[in-house]
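Below is one structure, written out as structure tokens; comments come after it.
Nothing here was measured: the structure is a model prediction, and the numbers come from that model. These numbers come from the heavy atoms of this one structure, side chains and all, not from hydrogens, waters or symmetry mates. All ligand and atom numbering here is 1-based and tracks the order in the structure.
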Amino acid sequence: MEDINKAKQRIEELRKALNYHNYRYYVLDSPEISDAAFDELMQELKRLETEYPELITSDSPTQRIGAPPVEAFGVVEHREPLLSLANAFSYEELAAWHKRASNLLAGRGFDLVCEPKIDGLAVALTYVDGLFVTGATRGDGYRGENITQNLRTVRSIPLSVPKEAPPRFEVRGEVYLPKAGFKRLNEERAKEGLPLFANPRNAAAGSVRQLDSSITARRPLDIFIYGLGWVVGKAVPDTHWEIMQWLKSLGFKINPNIALYHTIEEAEECHQNWVESRESFPYEADGMVVKVNPIALQQELGNVAHEPRWAIAYKFPAIQGTTRLANIGINVGRTGRLNPYAILEPVHIGGVIISHAALHNEEDIHRKDIRIGDWVTVQRAGEVIPEIVGPIVSRRTGEERKFSMREKTWEIYRERKGIAGEEEPPDHPICPVCGAEVIKPEDEAMHRCTNAACPSQALEQIKHFVSRGAMDIDGVGEKLCQALFEAGLVKDASDLYYLTREQLLGLEKMADKSVSNVLNSIEGSKNRPLARVIFALGILHVGEEYAELLAENFSSIDELAKASQEDLLSLPSIGPKIADSIVTFFRQEGNKRIIEKLRKAEVRLEEERAEEVKSEELPLDGLEFVLTGKLESFPRSEAEAKVKALGGKASSDVTKETSYVVVGADPGSKLAKAQKLGVKTLNEVEFLELLNQNTSLF
Ligand code: IVH
């Protein structure tokens with residue numbers, strides 16, 4: 001008893017400290033302690049919670065890691081509908097909106113609140129008795145998806161709120177991916193050969209709607225709360241502005257750019273300022289939301305259809321420009337994908353010089369009818385690679401040329417190889433780098449080079465191997481990879497581990513000191529965690545997230561190499577495409593050779609202490625539960641999922657091995673069996689307490 005009380009006290013201290021530092025870091029962007037110090041506190045809390053699983057609560061900072069995948073999201077009925085906004089595209093439209101509202105309010109004046117309109121995903125967060133209990137998407141406005149588990153992983157969403165908060169209330173906000181996070185995510189996806197997200201909005205939506213919340217947990221999602229949904233049991237401030245300040249005091253993240261004005265002219269000025277400064281916002285905003293400040297007047301104005309009369313989205317103009325499409329080039333990526341790109345006559349768009357733009361694939365080029373030599377409209381949106389909106393057909397001279405993958409790949413290849421003459425191109429597209437045949441799988445839009453030894457792929461693969469998320473070999477950057485590759489010293493990544501001092505000294509610009517650094521970095525990379533090694537191998541479709549998942553389930557590269565298609569398919573979120581790709585990878589002789597060379601060089605190809613780490617993390621590890629009868633709080637399947645999420649086992653037969661039988665209403669014969677075998681029983685309340693000390697609210 002003594003010990004558990006002590007543990008309880010320490011756990012509370014740790015949670016308080018972790019929540020505070022979390023808030024400083026994710027909400028205020030102003031950390032007070034180092035990441036290492038934070039991790040230390042977190043480890044201590046995890047250790048205590050493992051020892052005393054009965055003390056785990058749903059708002060513990062340890063509960064942000066993500067839960068096992070769900071089959072599909074449940075449905076949440078919104079108590080009050082989530083509306084959308086009408087748009088204004090000009091000052092005239094904004095002023096007309098303001099005039100209409102003023103008229104309806106019979107000349108009673110009102111202030112206006114201006115906020116950036118974040119381009120993300122609308123969510124509604126419900127808090128009951130101080131705890132975050134439900135998070136839902138907007139859905140059709142009336143019914144959304146239950147994405148609570150995923151939202152728990154968003155660090156700027158408080159899992160609990162102070163006592164002063166109302167007993168029950170809902171806040172609304174926009175979940176988004178900051179520009180930097182979006183850029184990083186797409187860079188990683190490019191390395192993995194996965195399709196890129198077109199913009200931060202899609203990326204945020206894709207991340208939030210993951211069935212496996214541990215994937216969401218790895219995405220750097222953030223939130224801005226922009227309003228109150230409904231409140232029960234407490235009076236709240238009577239203007240939007242004050243409500244936002246009050247929500248801020250409860251720990252919610254509010255956009256720091258929020259501004260209060262008296263007149264519509266001031267709102268216009270604010271809009272103009274933001275149009276100019278939006279590039280510097282760390283998030284993507286596509287407009288400014290203008291809201292009537294007094295809540296009583298908002299209510300009086302009400303809604304038309306799904307749009308409130310008391311707010312409007314005053315859109316920012318798209319950042320566009322026009323220029324000539326000088327040519328189309330083709331890159332070959334690490335996974336053999338042929339990526340066409342636009343070579344533009346350089347043009348200033350929104351303060352940045354643009355000379356290249358994405359052209360996703362051949363079909364897309366034809367769909368938009370983009371021709372080489374065309375004048376085109378180019379659009380930039382924040383960190384997204386500039387895109388061609390379409391050709392300006394009226395400016396065509398007749399000199400423009402239609403794009404053909406077959407002709408273009410041949411042209412690039414011929415130039416590269418110095419092949420002269422009028423030779424006809426082959427009757428199919430080829431790899432512009434190695435000349436091998438390319439394929440276009442039916443379900444894919446991209447052409448792919450089939451030659452595993454294609455130099456472009458090999459070099460890209462070496463660059464990938466040394467990169468930061470992979471083996472992280474400091475000092476071996478893209479240039480050095482290229483030099484080593486061209487000198488024939490490194491033909492595949494494993495050759496890096498056989499480089500000698502003399503070989504490196506023989507390269508241009510490599511002095512004694514930098515050679516030592518490079519050799520040290522290479523040596524130091526031999527002990528990377530298994531997940532990184534798997535990622536570094538560059539298996540098609542296996543990015544960092546899947547690499548982690550694989551490392552959690554296979555203890556070594558050899559184990560993984562032995563895995564069958566079925567073994568792989570039994571893992572959450574691995575589908576046939578990825579399973580296929582993994583099996584094919586380990587079947588190829590070239591890849592087997594690389595792995596053997598890595599092994600000979602003493603690169604660690606297995607995980608250390610994989611078992612220990614796993615059980616330490618999960619508080620119900622080793623406990624077996626049987627559920628019988630009807631539970632009030634949630635369906636039995638959900639209760640079983642919760643047990644599993646905490647590392648416990650849920651089974652259907654009561655045996656001597658059973659740790660607990662959870663008894664709901666109208667229990668079946670399992671209760672009798674438990675009593676006969678002397679297995680401990682828990683009623684629903686005790687069970688909830690075990691899952692979470694504060695679960696009386698479920
Ligand atoms: S207020 C009744 N404020 O824009 C309207 N919405 O088209 C409530 N959005 O679904 C919305 N930033 O997801 C509001 N500062 C902001 C916003 C914002 C982004 C989104 C929101 C809504 C959509 C409306």
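Near Leu83, the atoms of ligand 1 lying under 4.0 angstrom from a non-hydrogen atom of the residue are 2 (C), 10 (O). Which parts of ligand 1 touch Pro116 is read off a 4.0 Å heavy-atom cut-off, strictly below it: atoms 12 (N), 15 (N). Residue contact check: Pro308 has heavy atoms under 4.0 Å from atoms 2 (C) of ligand 1. Residue contact check: Glu115 has heavy atoms under 4.0 Å from atoms 3 (N), 15 (N), 16 (C) of ligand 1.
For the residue pair Arg15 and Thr57, a side-chain donor N or O sits within less than 3.5 Å of a side-chain acceptor on the partner.
No donor-acceptor pair closer than 3.5 Å links the side chain of Ser160 to the backbone N or O of Leu131. Listed for the Arg143 side chain is no donor-acceptor partner under 3.5 Å among the backbone atoms of Glu77. Checking side-chain atoms of Asp374 against main-chain N and O of Val376 turns up no donor-acceptor pair under 3.5 Å.
Nearest to atom 19 (C) of ligand 1 by heavy-atom distance, out of Leu85, Ile118, Leu121, Val123, is Ile118. Counting only non-hydrogen atoms, the option in Glu174, Lys117, Met244, Lys291 that gets closest to atom 3 (N) of ligand 1 is Lys291.
Looking from atom 18 (C) of ligand 1 to the surrounding protein, the closest heavy atom is Tyr226 CE2, 3.5 Å.
Between Phe224 and Tyr283, the ring-plane angle classifies as perpendicular under the 30° and 60° cut-offs.
Proximity of the aromatic rings of Phe38 and His21 is defined here by a centroid distance below 6.0 angstrom, and this criterion is not met.
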